[in-house]
2 protein chains.
Amino acid sequence: MNETPPSLLGLTTYLMSKTGKAARGRLADRLAERGLRLWHMAVLAALTDFGPHVQRELAERLSIDRSDVVKIVDGLGAAGLVDRARDTADRRRVTVTVTPAGRELLERLKAEALAVQEDILAPLTARERAQLTALLLRVHDGALAGGQARAGR
Amino acid sequence: MNETPPSLLGLTTYLMSKTGKAARGRLADRLAERGLRLWHMAVLAALTDFGPHVQRELAERLSIDRSDVVKIVDGLGAAGLVDRARDTADRRRVTVTVTPAGRELLERLKAEALAVQEDILAPLTARERAQLTALLLRVHDGALAGGQARAGR
DNA sequence: CCCAATGATGGGTGTGCACCTACTAAAGGA
DNA sequence: TCCTTTAGTAGGTGCACACCCATCATTGGG
């Protein structure tokens, strides 16, 4: 009685959605334990990978509303994970930088994400996981470049 | 400036979440045009695949709260997509059945889902899509059987 | 020097989702 | 017959998310 309807299981769309939701949910739970949300991690990752950003750039890169960036950076700042600094050249701009604490935390968060991943991808062999990642990566790139059309809403 | 942080792209978890969200979002948009939500489709699928259900069974199968089932079935009933009938043997129970209109609509919805899928999986060949589906299916089965732990919240 | 454009911010809105709590009707065992 | 359990229903809550608008400071062009 707890089987999922085959009509849905036949849809790759459905499977992506369902497994993706599960993955996101579990990671979000872990983050919540530290008082963080997924966006916080995304911002830390962006800052670590690409260096300091002006808030506008963060909004652009992550496709979030700029007013929401403010709130996320607020949270990170309060936790000492990023530094905010007014741009001396253009004092309207605020440059956000990861602190060492932020970098360190990101490493831990990545480790947690890997743990969640380990759990979720348990049924697959290492080869298969690599395959899955490769396939999803291509889907991801294609989806971003092509259709676009805001995901949310 | 619009590249996604590699720290995230390296996580299969992230890719599943992101692509899954995109997929769900697009399908949800299509459904919304008909005044439906994803749960409506899921219920139609369950009823079509497994035959009539008592509401309790729907709740169990789809892992939704029973009070939410009521609302979903309400909507479907109002649209003439399902029939509600009190069980004569046990008059507490209400058996829900798909109507022909419901079956027909489900077919169309499945077609729409396939269209979305076609769009999203565009970068992949037919072989690769089959591979992806197979991999995700195993992940899905594993995730449900093993970890469980409600996805939401 | 004034004005339009830009960046950050605060505050607020609507939606979907998962959850929970009565309350009613009915069934079924002690 | 009484009492516990089960099914459905109504109504409401909290949260995360995506969006939007108004405001203020600042910049840079005309």
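The figures that follow rest on heavy atoms only: side chains count, while hydrogens, waters and symmetry mates do not.
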Round to a whole Å and report the spacing from [atom1] of [X] to [atom2] of [N].
{"X": "R92(A)", "N": "dT26(D)", "atom1": "CZ", "atom2": "P", "answer": "10 Å"}
{"X": "D87(B)", "N": "dG28(C)", "atom1": "CG", "atom2": "C1'", "answer": "15 Å"}
{"X": "D90(B)", "N": "dT6(D)", "atom1": "CG", "atom2": "P", "answer": "12 Å"}
{"X": "D65(B)", "N": "dT13(D)", "atom1": "CG", "atom2": "P", "answer": "16 Å"}
{"X": "R56(A)", "N": "dA5(C)", "atom1": "CZ", "atom2": "C1'", "answer": "12 Å"}
{"X": "R86(B)", "N": "dG8(D)", "atom1": "CZ", "atom2": "P", "answer": "8 Å"}
{"X": "R84(B)", "N": "dA7(D)", "atom1": "CZ", "atom2": "P", "answer": "16 Å"}
{"X": "I64(B)", "N": "dG8(D)", "atom1": "CD1", "atom2": "P", "answer": "13 Å"}

- Query: Quick one: does R91(A) reach the base of dT26(D) with a side-chain donor-acceptor pair under 3.5 Å?
  - Reply: no
How close do [X] and [Y] get, heavy atom to heavy atom, and via which atoms?
{"X": "P6(B)", "Y": "F50(A)", "value": "CD-CZ, 3.8 Å"}
{"X": "P123(A)", "Y": "E128(A)", "value": "O-OE1, 4.3 Å"}
{"X": "P52(A)", "Y": "E57(A)", "value": "O-OE1, 4.4 Å"}
{"X": "Y14(A)", "Y": "L9(A)", "value": "CE2-CD2, 4.0 Å"}
{"X": "I72(A)", "Y": "W39(A)", "value": "CD1-CB, 3.4 Å"}

Just checking [X]: base, sugar-phosphate only, or nothing, at a heavy-atom cut-off of under 4.0 Å?
{"X": "A59(B)", "answer": "nothing"}
{"X": "R24(A)", "answer": "nothing"}
{"X": "A32(A)", "answer": "nothing"}

- salt_bridge(R129(A), E118(A)) N-O dist < 4.0 Å: yes
- Sidechain N-carboxylate O distance under 4.0 Å for E107(A), R103(A): no
- Message: Looking only at the side chain of D74(B) (C-beta and beyond, no hydrogens), which of the listed nucleotides dC17(C), dA10(D), dA5(C) gets closest?
- Response: dA10(D)
- Query: dG7(C), dA27(C), dA10(D): which one has an atom nearest the side-chain heavy atoms of R93(A)?
  - Reply: dG7(C)
- Message: Using the rule side-chain hydrogen bond (donor to acceptor under 3.5 Å, both in side chains), only one of R84(B), E60(B), R93(B) pairs with Q55(B); which is it?
- Response: R84(B)
- Side-chain contact, heavy-atom cut-off 4.5 Å: L76(A) with V98(A)? no
- Do any of residues 66-73 of chain B sit with a heavy atom less than 4.0 Å from DNA chain D, and if so which? R66(B), S67(B), V70(B), K71(B)
- Positions of residues 34-46 of chain B (non-hydrogen atom under 4.0 Å from DNA chain D), listed by number: none
